[in-house]
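Encoded as structure tokens, the structure appears first; notes follow it.
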Amino acid sequence: MRSYTKCIFLGIETSCDETSCAVVQDGRFILSNIIASQILLHRKTGGVVPEVAAREHVTKILPVLKTALKKARVKLTDIDAIAVTAGPGLLSSLLIGVNAAMTLALMLKKPLVPVNHIEGHMYANWISADTPKFPIAVLTASGGHNELILWKDHGQYTFLGATLDDAAGEAFDKVARLLGLPYPGGPEIQKTASAGNPNKYPLPRAWVTGFDFSFSGLKTAVLRLVKNHRRTPQFVADVAASFQESVCEVLATKLINAAKQYRVREVHLAGGVSANLRLREWTQKLLPPNTILRFCKNITLCTDNAVMIATAGFYKYKKSADIYKKCHGELVEPWKPIIADPNLEIVNW
Ligand code: KG4
Ligand code: ZN
């Protein structure tokens, strides 16, 4: 008989421009994580074209699934449950993963767990040797989302703030474009900024009230700078560094203010922008004593991947019922369709 602590989840993620399948044991041990990235394809257009992304997911989903199972040394029949990103994201991209997951669950008669992509990013920090402790202040910063959340327990959230306009990742991508840097902008700005002076251009810090964020004014300030200067390599490096400094100072300061106000035990960085080294440094610098800071040291787990979806699915499922029974077929829920929702919101569970 397999023990409680041996539950194998297959995670599927296709919300934007990465086709990913992962096999994760007990929400913690990564048996495989296969990601087919479309970055080079979308570089040609400077951003993601939804129809192009969806077509690519269609051709990649089965090979990625096969490779993920092979790498994990498991068969489809060894999978105990399936977790899939149900939203938010591009509808045509989400549908590929959701349909694949529904078909597999129906065929294998296994439980199917819909996962919110942003919660997925938050659960990436649970793939660690020691289990995080609530309450947690978490900043989710990616291409489409920018939220500050007080995380009180599994599935229990208080939303403290969000962006009023652009998400931080979106700002990185747009500013990179203005500077003539390729897509996606975040890693390119970070790389370019390392040769620049962060104090060269005193760009505005958007200290909007409370825990909300705003990056559109900063983007306009960069646009003005770019229009009035010749785009030499040093100018580009200095603007990249000054822009990165402004974004990271605001993100880290608001996150730490929330951590202090709510007396949390841990502070987490999640989503693609959590890969940013300057953001990590700023957060570490401001971190109150006796507070743990977590982010994924492995950059692959900061950006889109199916490991985080499998992990979130594991905790969601574990809470919803007696996982042992569910994973081992004694109590399999009736199959329910999943609705792919491009605007899916995080709700308590
Ligand atoms: O989470 P993610 O892979 O996809 C979404 O859910 O949107 O995040 C992608 C975003 C992009 O905007 C990308 O430019 C940004 O994360 N990003 C970074 C870095 N790496 C990725 N932003 C700043 N610094 C980085 N090192
Ligand atoms: Zn994401």
Side-chain angles (χ1 to χ4, degrees), residues 16-18 37-49 52-53 139 141-146 163-208 213-255 269 271-286 295-300 302-304:
C16 188
D17 59 345
E18 325 275 4
S37 170
Q38 304 177 6
I39 282 180
L40 292 179
L41 193 67
H42 299 304
R43 241 177 213 174
K44 292 180 204 153
T45 42
V48 181
V49 177
V52 176
L139 171 77
S142 65
H145 289 267
N146 206 132
T163 181
L164 305 175
D165 38 62
D166 291 351
E170 195 179 353
F172 268 97
D173 294 338
K174 287 179 177 169
V175 165
R177 229 176 148 156
L178 292 175
L179 294 174
L181 299 171
Y183 170 87
E188 294 296 326
I189 290 214
Q190 178 177 300
K191 206 164 42 173
T192 311
S194 62
N197 173 4
N199 303 313
K200 175 84 183 176
Y201 300 105
L203 290 168
R205 268 65 173 156
W207 299 116
V208 287
F213 303 94
S214 167
F215 297 108
S216 65
L218 175 60
K219 191 184 62 194
T220 310
V222 173
L223 177 65
R224 245 183 257 126
L225 259 181
V226 171
K227 273 192 174 160
N228 295 324
H229 285 78
R230 222 162 45 80
R231 233 170 45 189
T232 61
Q234 192 56 52
F235 170 75
V236 170
D238 288 339
V239 176
S242 304
F243 163 79
Q244 176 176 260
E245 200 65 5
S246 170
V247 175
C248 295
E249 183 181 345
V250 172
L251 288 176
T253 305
K254 295 225 174 196
L255 172 60
L269 297 173
V273 181
S274 70
N276 189 277
L277 300 178
R278 194 66 189 127
L279 176 62
R280 295 172 176 193
E281 280 169 10
W282 262 106
T283 316
Q284 184 69 58
K285 192 171 88 177
L286 302 174
F295 47 76
C296 293
K297 290 188 186 74
N298 179 351
I299 303 280
T300 312
C302 296
T303 46
D304 292 349

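Please read all numbers here as calculations on a predicted model, not as lab measurements.
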Roughly how far, to the nearest 0.5 Å, is [atom2] of [Y] from [atom1] of [X]?
| X | Y | atom1 | atom2 | result |
| --- | --- | --- | --- | --- |
| F213 | W207 | CZ | CH2 | 9.5 Å |
| L203 | E249 | CG | CD | 11.5 Å |
| T45 | Y183 | OG1 | OH | 8.5 Å |
| W282 | L251 | CH2 | CG | 11.5 Å |
| I299 | L277 | CD1 | CG | 6.0 Å |
| H145 | T163 | NE2 | OG1 | 11.0 Å |

Review item, side-chain donor-acceptor pairs of residues 215-223, under 3.5 Å, at least two apart:
| unit_1 | atom_1 | unit_2 | atom_2 | d |
| --- | --- | --- | --- | --- |
| S216 | OG | D165 | OD2 | 3.1 |
| K219 | NZ | D166 | OD2 | 2.9 |
| T220 | OG1 | S216 | O | 2.9 |

Between [X] and [Y], which heavy-atom pair has the shortest distance, and what is it?
| X | Y | answer |
| --- | --- | --- |
| A53 | C16 | CB-O, 3.8 Å |
| D173 | P184 | OD1-C, 3.7 Å |
| G196 | A241 | C-CB, 3.8 Å |
| A168 | V247 | CB-CG1, 4.2 Å |
| L279 | A252 | CD1-N, 4.1 Å |
| V49 | H42 | N-ND1, 3.8 Å |

(request) Name all residues meeting the salt bridge (Lys or Arg N to Asp or Glu O under 4.0 Å) criterion together with R278; count only those two or more places apart in sequence or in a different chain, and write none if there are none. (result)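 R278 satisfies salt bridge (Lys or Arg N to Asp or Glu O under 4.0 Å) with E245, E281 only.
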(request) Taking the six-membered ring for Trp and the full ring for Phe, Tyr or His, determine whether the centres of Y201 and F243 are under 6.0 Å apart. (result)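 No, ring centres 6.0 Å or more apart.
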(request) Look at atom CZ of R280 and say whether more than 12 heavy atoms of other residues, nucleotides or ligands are closer to it than 6.0 Å. (result) yes
(message) Applying side-chain hydrogen bond (donor to acceptor under 3.5 Å, both in side chains) as the test, list every pair that has at least one member in residues 188-198; sequence neighbours left out.
(response)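 The answer is Q190-N276.
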(request) Any chance you could lay out the side-chain contact (heavy atoms from CB on, under 4.5 Å) test for L139 and N146, step after step, and finish with the verdict? (result) CA-CA 7 Å; L139 171 77; N146 206 132; 4.0 Å; yes
